[in-house]
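Side-chain atoms are counted along with the backbone in the values below, which use heavy atoms only and exclude waters and symmetry mates.
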Amino acid sequence: MLSADSAAIVRATLPVVGASLDAITARFYETMFAERPELLDGLFNRGNQANGEQRRALAGSIAAFATRLLERPDERPDELLARIVHKHTAVGVTDDQYVIVHKYLFGAIAHVLGEAVTPEVAAAWDEVYWLMAGALIAQEARVYAEAGARNGATWRQWRVVGRKEETPHVVSFLLRPADDGPALPARPGQYVSVRVRMPDGVHQLRQYTLSGAGGDGSRRITVKRVDGDPAGEVSTLLHATVWAGDELTLSAPFGDVTLEDGDAPLVLVSAGIGCTPIVAMLDHLAATGSHRRVLLLHADRSPAEHALREDMLRPAAERVFWYESGATAPDRDGLMDLEGVEIPVGAIAYLCGPVPFMRRVRGQLLKAGVAPRDIHYEVFGPDLWLAAG
């Protein structure tokens, strides 16, 4: 898919471009938002801009895509982009926005690299960009079609019919369509975007994994308040201002890390608020009468801070919980450690939690004999998984 001439140029310049990607993406976002501030109103999350996560995610995705093109120049690595596709559709990215991104991204490349960006270098990286953008646009069109929408039009009003304080810092909202119409089915493990108007008038988005999706069309999101972090401003607002009877704007459900049907044993692993997709998977297994063997592993600060603990105390699942403090038998003290935990042969594992936690547990699962292809994990926030490997 990548022409031979462009492949040679990209291979030669990738070390320089890669070393400068952080500066390039910083300049890209700075310039684009200065000239197109409306993009921060309901599309880009300014919290992720403030902490640099979005910038690092973009840099990682470009580097990974270019590297794969060089490794397999006759193939376009569409599978590498699946998670980004779902993140984009969840916030309503549209085809025309790729033209805007191209303008400011290549302006940033020229600014940072200067005379090194010859017409030939620019043309080669332009080819990389449009191969990546074309793959994203095509996959996003298919995902939108599955959601019964076109080009970002997935938003709908939902009424809060219940609010439950799970812990001092975590609250669940039970939601139903405000128009009382039918809702698209949601697969266990998927998330929705919540779009809210902030006190300064700017709309912001945040994704929340569905912690429950009833057969009656109801949905539940479980939100952890994050104090003092710009990325937590939506969660803080929901905690402070949303009550039963209010309405929220939600996207259709998206996400590629979902529970697949089958008979293989399951190992469901989470830490902290990463329990939300795991609870949705447990709900699905119970609702469908599944007889699969389920090993449930969770780590938290304490039993009192373990959100949705009651939902995880299901008789159909074997379980081991770790708590940094306050553990009582049969729960375990300290951080999750799979030493002595019997992992079922042929198991499929699903992980959700902080990236360092998932890296560590993934390594332990591999040592226990779980195949790499059978370990699936969800990352909250931007697509740092590409950069993290």
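A distance-only check finds a donor-acceptor pair linking the side chain of T276 to the backbone of I273 [under 3.5 Å]. Proximity of a side-chain donor or acceptor of E305 to a complementary backbone N or O of D300 within less than 3.5 Å is not detected. The main-chain N or O of R46 is found under 3.5 Å from a side-chain atom of Q204 such that the two form a donor-acceptor pair. A donor-acceptor pair under 3.5 Å is formed between the side chain of Q364 and the backbone N or O of L338.
With rounding to the nearest 0.5 Å, the separation of CG in D229 from OG1 in T236 is 8.5 Å. Atom OG in S270 sits 6.5 Å away from atom NE2 in H306 (nearest 0.5 Å). A distance of 11.5 Å separates CZ in R195 from OG in S251, rounded to the nearest 0.5 Å. Annotation: the span from I100 atom CD1 to R36 atom CZ amounts to 4.0 Å, rounded to 0.5 Å.
Ion pairing between a basic and an acidic side chain is recognised when a charged N comes within 4.0 Å of a carboxylate O; D337 and R332 show no such pairing. Under the 4.0 Å criterion applied to side-chain N and carboxylate O atoms, R163 and D246 are not assigned as salt-bridge partners. One finds no salt bridge joining E75 and R68 here, because no Lys/Arg side-chain nitrogen approaches an Asp/Glu carboxylate oxygen to under 4.0 Å.
Side chains of D96 and T94: a donor-acceptor N/O pair is present below 3.5 angstrom, by distance only. At a cut-off of 3.5 Å, with distance as the only test, no side-chain donor of H102 or Y129 sits close to an acceptor on the other residue.
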What pairs of donor and acceptor atoms, side-chain ones from residues 105-113 against any protein atom, are under 3.5 angstrom apart with sequence neighbours left out?
none

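Alongside L238, the hydrophobic cluster contains W158, V160, V171, F173, L175, V192, V194, V196, M198, Y208, L210, I221, V223, V234, L237, V242, L248, L250 (criterion: ILVMFWY side chains under 4.5 Å).
For the pair R83 and Y377, the cation-pi test (distance below 6.0 Å, angle within 45°) is passed.
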